[in-house]
Amino acid sequence: MAEEKSLNFLEEIIEADLATGKCPDGIQTRFPPEPNGYLHIGHASSIVLNFGLAKKYGGRCNLRFDDTNPSTEETEYVENIQQDIQWLGYQWDSRHFASDYFEQLFQFAQQLIRAGKAYVDDSSAEEIAATKGSLTEPGKESPYRNRSVEDNLKLFQAMRAGQFADGEKVLRAKVDMAHPNLLLRDPIMYRIKKAHHHRTGDTWCIYPMYDFAHGQSDSIEQVTHSICTLEFIHHRPLYDWFIEQLGIFPSHQYEFARRNLSYTVMSKRKLLQLVQEGHVAGWDDPRMPTISGMRRRGYPAAAIRQFCETVGIAKRENVVDLGLLEFCVREQLNKTANRYMMVLNPVKLIITNYPEGQTESLEAEYNPEDTHAGSRELPFSNTLWIEREDFMEAPPKKFFRLGPKLMVRLKHAYIIECTDFKKDAEGTVQEIYCRYIPESRSGSDTSGIHVKGTIHWLSAPHAQEADLRLYDRLFRVENPSDESGDFKEYLNPDSLHHSKAYIEPSLAAIPSGTTFQALRKGYFCADRDSQAGQPVFNSTVGLKDAWAKEQKKA
RNA sequence: AGUCGCAUGGUGUAAUGGUAGCACUACAGAUUUUGGUUCUGUCUGUCUUGGUUCGAAUCCAGGUGCGACUACCA
């Protein structure tokens with residue numbers, strides 16, 4: 001029974017190209033980040049796509065940094081981008097920088113000048129903008145458009161030699177000032193920028209523009225399928241034009257719609273703003289949609305990959321529900337995360353028929369979904385912490401937890417029955433009194449009693465403390481970019497809550513970066529800010545909570 | 001206004017002229033020593049008008065809606 005997996009539009013194109021012999025050496029893709037920020041979940045889509053396609057069709061995928069703008073790019077970003085890609089589980093075939101090709105690109109530019117397809121323009125940025133025309137009106141040709149090849153060659157060389165100030169001259173392609181596609185109205189190929197480049201230092205003072213770097217870099221590397229996002233679709237004719245004029249390897253560009261996630265923003269500019277203005281603690285703040293933020297939050301790489309693959313790709317605008325990402329995170333973590341008990345909002349429970357001062361050790365499995373995960377020992381005594389919300393003085397019919405005369409199972413331990421409780425002057429429950437059923441111990445229960453509910457607990461004398469960072473969605477609205485005014489007005493003021501919790505002893509020294517399930521509560525990840533004896537846990541994602549849902553309805 | 005692109009349940013994505021399917025969500029139920037997991041079931045969709053055809057989500061034409069493009073950013 002052959003399972004028919006439908007192809008996305010890029011796979012269809014590739015399979016057709018392979019079938020018609022268009023790619024005799026196999027396919028080649030590339031992931032081309034600009035090192036001016038951190039990677040986010042949108043980039044993850046592109047990574048999964050480019051590396052995934054190369055793998056699926058036995059091709060190659062390069063990492064290439066698009067570093068043609070020295071004023072925004074930094075080595076720090078290069079390193080973090082590489083780390084993120086590897087963490088996601090991918091390894092590039094070879095690593096390149098557009099800046100490696102600066103000399104070659106310069107030669108290409110001279111080639112176009114010689115062919116009468118490029119010229120040096122003395123116009124200012126304002127003049128160029130003013131003569132560009134509009135969406136409905138053609139542009140005007142520059143007075144410098146018809147310089148001789150010799151003059152152009154000489155001037156371009158002089159630009160490179162640093163004989164002109166920033167902005168004094170540019171090199172432009174000679175295409176068509178009346179073209180309906182504005183990008184083809186003599187686009188700028190090179191500008192003068194006397195800035196220090198993170199790799200080439202001060203070797204260059206002229207830098208190629210995106211349009212004269214990206215396609216040429218693809219071609220040099222023999223990229224067969226150059227995949228980018230939809231907003232570059234207008235660049236494709238220019239991409240093709242340069243390659244054709246130069247007569248170099250015919251790379252082809254294909255566009256897909258970028259991934260948007262609800263309740264967050266994805267533009268690097270906006271993310272940078274959140275970081276710089278201190279709305280978040282950094283690029284890897286667990287609330288950020290960055291790869292590093294999600295890693296710190298405790299999202300497994302496999303969940304991010306699963307998310308990208310589940311969502312798929314197409315050419316239409318979209319906003320994917322954050323709930324789908326969270327579903328993928330839960331699905332991965334359910335299989336892999338060890339379970340521990342943690343009490344977030346404690347109330348004391350005393351077992352009146354369990355000898356004061358007595359302690360016993362109970363075996364507790366780490367993960368019911370994974371028999372190889374093993375188990376740990378859990379201390380038990382007559383004084384426990386349980387979750388305040390697991391007790392109700394006057395419980396409704398379907399409340400399967402503790403209340404006067406009600407019975408529950410203490411996870412991994414005994415069945416108990418509530419016999420009494422004590423309140424303070426304000427009416428807050430102070431202590432709960434129970435009797436336990438000695439024959440009901442987990443694993444050797446001979447009591448014959450069947451209870452509906454099971455709750456988590458901690459032996460009070462053994463419990464330790466942890467700091468909790470409870471995270472919620474970064475924005476209050478589904479699509480902050482769609483709202484009027486500044487997107488920051490829509491930040492969720494409650495996206496971070498600090499809290500304390502009691503934890504079982506075996507959780508106190510868990511290595512940072514480990515994600516675990518706090519039984520019945522949710523997944524948490526030990527943060528790198530943890531200190532010996534004072535762990536810090538980030539909330540990763542909650543468990544599905546059918547009871548909470550039930551209550552909402554009432 | 002010009003050019004280009006895109007319209008399938010609440011969300012995302014299939015069906016490539018032949019039964020509109022899958023995942024998430026929502027809802028109902030079964031199982032459960034996590035009100036978790038797992039399992040079963042239910043609701044909800046082809047932007048519009050016309051054309052071609054035995055047959056149209058699919059092809060054609062018009063309309064409507066949405067998005068992108070007028071950076072010496074990528």
Side-chain angles (χ1 to χ4, degrees), chain A residues 4-8 12 32-34 36 66-69 71-73 98 121 123-125 128-129 132-139 166-172 179-183 185 187-193 206-207 209-211 213-214 228-237 255 257 259 262 268-269 310-328 330-331 334-335 339 341 368-369 398-401 408-413 415 440 442-443 445 450-456 478 517-522 542-550:
Chain A
E4 274 186 45
K5 177 88 166 67
S6 61
L7 303 177
N8 64 47
E12 284 178 5
E34 183 188 11
N36 69 345
D66 238 336
D67 56 349
T68 56
N69 183 1
S71 34
T72 56
E73 296 153 4
D121 195 338
S123 307
S124 68
I128 289 177
K132 185 118 194 176
S134 70
L135 294 176
T136 46
E137 288 172 15
D166 286 13
E168 208 178 319
K169 288 184 168 34
V170 289
L171 182 72
R172 289 230 253 170
H179 199 105
N181 181 342
L182 293 288
L183 285 163
R185 320 247 258 230
I188 293 168
M189 296 165 61
Y190 269 91
R191 76 284 213 187
I192 300 170
K193 216 168 198 170
I206 57 171
Y207 291 94
M209 298 287 291
Y210 167 85
D211 287 306
H214 200 99
C228 62
T229 46
L230 235 40
E231 69 268 26
F232 289 97
I233 199 161
H234 303 280
H235 295 247
R236 191 172 63 212
E255 310 85 14
R259 228 64 273 186
S262 60
K268 267 199 233 176
R269 204 196 89 244
T310 303
V311 164
I313 57 147
K315 297 181 81 158
R316 99 181 72 132
E317 300 284 329
N318 60 81
V319 182
V320 184
D321 192 344
L322 176 61
L324 179 59
L325 212 207
E326 295 184 333
F327 166 82
C328 295
R330 286 194 198 97
E331 183 157 271
N334 176 54
K335 293 185 288 196
R339 273 67 165 168
M341 295 206 275
E369 306 293 321
K398 288 203 288 191
F399 187 76
F400 306 139
R401 306 179 190 182
V408 289
R409 156 82 58 187
L410 292 172
K411 180 72 181 175
H412 301 305
I415 292 174
S440 68
S442 279
D445 186 349
H450 177 76
V451 292
K452 189 87 178 162
T454 301
I455 65 172
H456 60 282
E478 230 177 283
Q517 184 193 115
L519 215 68
R520 300 209 304 138
K521 299 310 281 185
L543 253 23
K544 278 217 271 185
D545 192 343
W547 172 242
K549 208 179 270 181
E550 182 82 13

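Per chain, numbering begins at 1; letters A, B, ... match sequence-line order.
- Going from the C1' atom of B/rA1 to that of B/rA68 covers 16 Å, rounded to whole Å.
- The separation between A/Asp545 atom CG and B/rG36 atom C1' is 9 Å, rounded to whole Å.
- Comparing B/rU44 with B/rA20, their C1' atoms sit 13 Å apart, to the nearest whole Å.
- In this structure A/Thr72 satisfies the side-chain hydrogen bond (donor to acceptor under 3.5 Å, both in side chains) test together with A/Glu34, sequence neighbours excluded.
- Summarising the geometry of A/Leu519 relative to A/Arg339, their closest heavy-atom pair is CD1-CG, 3.2 Å, with the distance given to 0.1 Å.
- When the salt bridge (charged side-chain N to carboxylate O under 4.0 Å, His left out) test is applied to A/Lys193, no partner is found at least two apart in sequence or on another chain.
- By the side chain to side chain contact (heavy atoms under 4.5 Å, CB included) test, A/Glu137 is found to be paired with A/Ser134, residues two or more places apart in sequence or in another chain being considered.
- What separates NE2 of A/His456 from C1' of B/rU34 is a distance of 10 Å, to the nearest Å.
- Heavy atoms of A/Thr454 sit under 4.0 angstrom from primed sugar atoms or phosphate atoms, though from no base atom.
- A/Glu255 has its CD atom 14 Å from the P atom of B/rC4, to the nearest Å.
- Straight-line distance between the C1' atoms of B/rG2 and B/rU70: roughly 11 Å, to the nearest whole Å.
- For B/rU33, the base has a donor-acceptor partner in the side chain of A/Arg409 [N/O atoms by modelled type, under 3.5 angstrom].
- Rounded to a whole angstrom, the distance from the C1' atom of B/rU49 to that of B/rG10 is 27 Å.
- In terms of polar N and O atoms assigned as donor or acceptor, the side chain of A/Gln517 comes within less than 3.5 Å of the base of B/rU34 in a complementary pairing.
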Please tabulate, one pair per line, each protein N/O and nucleotide N/O from nucleotides 46-48 of chain B that are separated by under 3.5 Å, including the distance.
none

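- B/rG36 and B/rU31 have their C1' atoms separated by 13 Å, given to the nearest Å.
- Residue-level contact check: A/His412 touches the bases, meaning some heavy atom is under 4.0 Å from a base atom.
- Straight-line distance between the C1' atoms of B/rU48 and B/rA7: roughly 11 Å, to the nearest whole Å.
- Rounded to a whole angstrom, the distance from the C1' atom of B/rU11 to that of B/rG50 is 32 Å.
- Comparing B/rG21 with B/rU58, their C1' atoms sit 15 Å apart, to the nearest whole Å.
- With rounding to whole Å, A/Lys549 atom NZ is found 15 Å from B/rG35 atom P.
- Following rounding to the nearest Å, A/Lys544 (NZ) and B/rA26 (C1') show an atom-to-atom distance of 10 Å.
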Worksheet entry | Intermediate values then yes/no, side-chain contact (heavy atoms from CB on, under 4.5 Å), A/Val170 and A/Asp121 | CA-CA 5 Å; A/Val170 289; A/Asp121 195 338; 4.0 Å; yes
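- Listed by chain and number, the residues in a salt bridge (charged side-chain N to carboxylate O under 4.0 Å, His left out) with A/Lys398 are A/Glu550 (sequence neighbours excluded).
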For nucleotides 12-15 of chain B, tabulate all protein N/O to nucleotide N/O atom pairs closer than 3.5 Å, reporting atom names and distance.
residue	atom	partner	partner atom	Å
B/rG12	OP1	A/Val319	N	3.2
B/rG12	O3'	A/Arg259	NH2	3.4
B/rG12	O2'	A/Val311	O	2.9
B/rU13	OP1	A/Arg259	NH2	3.4
B/rU13	OP2	A/Arg316	NH1	3.3
B/rA14	OP1	A/Ile313	O	3.4
B/rA14	O2'	A/Ser6	OG	3.2

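- One interatomic measurement links the two molecules: CZ of A/Arg520 to P of B/rG36, which rounds to 11 Å at whole-angstrom precision.
- Checked by distance alone, A/Ser442 brings a side-chain donor or acceptor within 3.5 Å of a matching partner on the base of B/rU33.
- Taking every heavy atom of both residues into account, A/Glu369 and A/Asn334 meet most closely at CG-O, 3.4 Å.
- Base contact: A/Arg339 has a heavy atom under 4.0 Å from a base atom.
- Residues meeting the ring pair (Phe, Tyr, Trp, His ring centres under 6.0 Å) test with A/His235, sequence neighbours left out: A/Tyr210, A/Phe232.
- In this structure A/Arg185 satisfies the salt bridge (charged side-chain N to carboxylate O under 4.0 Å, His left out) test with no other residue, sequence neighbours excluded.
- Residue A/Arg401 is in base contact, counting any heavy-atom pair closer than 4.0 Å across all strands shown.
- In the set B/rG35, B/rG5, B/rU25, B/rG5 carries the atom at the smallest distance from any side-chain atom of A/Ile233.
- Under the 3.5 Å distance criterion, the side-chain polar atoms of A/Asp67 are matched with a main-chain donor or acceptor of A/Ala98.
- With sequence neighbours excluded, the residues satisfying salt bridge (charged side-chain N to carboxylate O under 4.0 Å, His left out) with A/Arg409 are A/Asp445.
- When the C1' atom of B/rU31 is taken as reference, atom NE2 of A/His450 falls 11 Å away, rounded to whole Å.
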Worksheet item: Using a cut-off of 4.0 Å between protein heavy atoms and nucleotide atoms, how would you tag nucleotides 69-74 of chain B 5' to 3' with B, S and -?
Response: BB-BSB
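- Base pairing in RNA chain B gives the following stems of 3 or more Watson-Crick or G-U pairs, range against range and under 3.5 Å: B:2-7 with B:64-69, B:10-13 with B:21-24, B:26-30 with B:38-42, B:47-51 with B:59-63.
- At the heavy-atom level, A/Phe327 lies under 4.0 Å from the strands shown only through sugar-phosphate atoms.
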Item to complete: Go through A/Ile455 and A/Leu410 one step at a time and tell me if the side-chain contact (heavy atoms from CB on, under 4.5 Å) criterion holds.
Response: CA-CA 5 Å; A/Ile455 65 172; A/Leu410 292 172; 3.9 Å; yes
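- The closest donor-acceptor contact from the side chain of A/Ser262 to the backbone of A/Leu322 lies under 3.5 Å.
- Nearest heavy atoms, A/Asn69 versus A/Ser71: OD1-OG, 2.8 Å.
- Within the 4.0 angstrom heavy-atom criterion, no nucleotide atom of any strand lies near A/Gly139.
- Considering only residues two or more places apart in sequence or on other chains, A/Lys521 meets the side chain to side chain contact (heavy atoms under 4.5 Å, CB included) condition with A/Leu344, A/Glu387, A/Glu389, A/His456, A/Ala518.
- In this structure, A/Asn318 contributes its side chain and A/Arg316 its backbone to a donor-acceptor pair below 3.5 Å.
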